[in-house]
Amino acid sequence: QVQLVESGGGFVQTGGSLRLSCAASGRTFSWYSMGWFRQAPGKEREFVAGISWTGDRTVYADSVKGRFTISRDNAKNTVYLQMNSLKPEDTAVYYCASARKPTISLNTYEYNYWGQGAQVTVSS
């Protein structure tokens, strides 16, 4: 059984930083791309960042480009999301997800395993 467990969410002021971690188990983690998505109240889940199976390619949503960094450590079966210069509009529940393939996808339907979510709240 595949499990993805996020950690590192919390409350931070505008301009602050947080680092999310997602530990995977039950699957050959390194074969698949990983992604981070977020969902704010009343809004659809949206793509934030993705990383290929080898970690040599990354893709970011325009809204976080230059502020967020996705990375992975295949030896530890863990993917990270470093979030800097946080803004109130970054407030959401953040989900990590494991894709069905090794290349990055921006679409939720191409991810078949999801974590439980981590709340990130940015105060103004």
Side-chain angles (χ1 to χ4, degrees):
Q1 185 175 355
V2 177
Q3 272 197 314
L4 301 176
V5 180
E6 296 106 336
S7 60
F11 183 93
V12 66
Q13 292 187 331
T14 297
S17 298
L18 284 173
R19 188 195 197 202
L20 300 180
S21 299
C22 173
S25 61
R27 190 185 203 193
T28 306
F29 174 79
S30 60
W31 290 359
Y32 303 95
S33 68
M34 297 291 293
W36 285 97
F37 292 75
R38 66 187 182 187
Q39 188 165 18
K43 295 188 176 181
E44 291 189 354
R45 192 168 297 189
E46 64 174 1
F47 173 83
V48 174
I51 187 166
S52 63
W53 68 293
T54 57
D56 62 343
R57 186 165 182 262
T58 56
V59 175
Y60 297 92
D62 288 343
S63 58
V64 306
K65 205 171 291 183
R67 300 187 298 122
F68 290 12
T69 302
I70 187 172
S71 61
R72 67 189 295 164
D73 185 338
N74 287 343
K76 295 182 178 179
N77 287 355
T78 302
V79 63
Y80 306 95
L81 185 68
Q82 177 67 43
M83 304 182 292
N84 298 328
S85 302
L86 282 160
K87 305 174 182 180
E89 51 263 44
D90 294 319
T91 295
V93 177
Y94 283 71
Y95 298 90
C96 73
S98 180
R100 304 175 189 272
K101 57 182 183 177
T103 52
I104 299 169
S105 174
L106 278 63
N107 301 306
T108 57
Y109 61 80
E110 298 210 72
Y111 291 80
N112 51 349
Y113 296 104
W114 294 82
Q116 82 285 357
Q119 178 69 49
V120 171
T121 303
V122 185
S123 68
S124 57

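These figures come from a predicted structure and were not determined experimentally.
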Close side-chain approach of Ile104 to Arg57, heavy-atom, < 4.5 Å: yes

Taking the side chain as C-beta and beyond, is there a heavy-atom pair between Asp90 and Arg67 under 4.5 Å? yes

Is there any salt bridge (Lys or Arg N to Asp or Glu O under 4.0 Å) pair reaching into residues 105-122, and which pairs are they, with sequence neighbours excluded? Lys101-Glu110

Do Tyr32 and Tyr113 make a side-chain contact, defined as non-hydrogen atoms from C-beta onward lying under 4.5 Å apart? no

So, does Tyr111 use its side chain to make a donor-acceptor pair with the main chain of Ser105 at under 3.5 Å? yes

Set of side chain to side chain donor-acceptor pair (under 3.5 Å) partners for Tyr94, sequence neighbours left out: Arg38

For residues 12-24, tabulate all N or O donor-acceptor pairs below 3.5 Å that involve a side-chain atom, not counting sequence neighbours.
from	atom 1	to	atom 2	distance (Å)
Thr14	OG1	Ser123	O	2.6
Ser17	OG	Asn84	OD1	2.9

Side chain to side chain donor-acceptor pair (under 3.5 Å) with Lys43: which residues, sequence neighbours excluded? none

Applying salt bridge (Lys or Arg N to Asp or Glu O under 4.0 Å), can you list everything that pairs with Arg45, at least two apart in sequence or on another chain? none

Qualifying salt bridge (Lys or Arg N to Asp or Glu O under 4.0 Å) pairs with a residue from residues 1-11, counting only residues at least two apart or across chains: none

Could you tell me whether Lys65 and Asp62 have a side-chain N and a carboxylate O separated by less than 4.0 Å? yes

Without swapping roles, check the side chain of Arg72 against the backbone of Gly55 for a donor-acceptor pair under 3.5 Å. no

Kindly indicate whether the side chain of Met34, heavy atoms from C-beta on, has any atom under 4.5 Å from the side chain of Phe29. yes

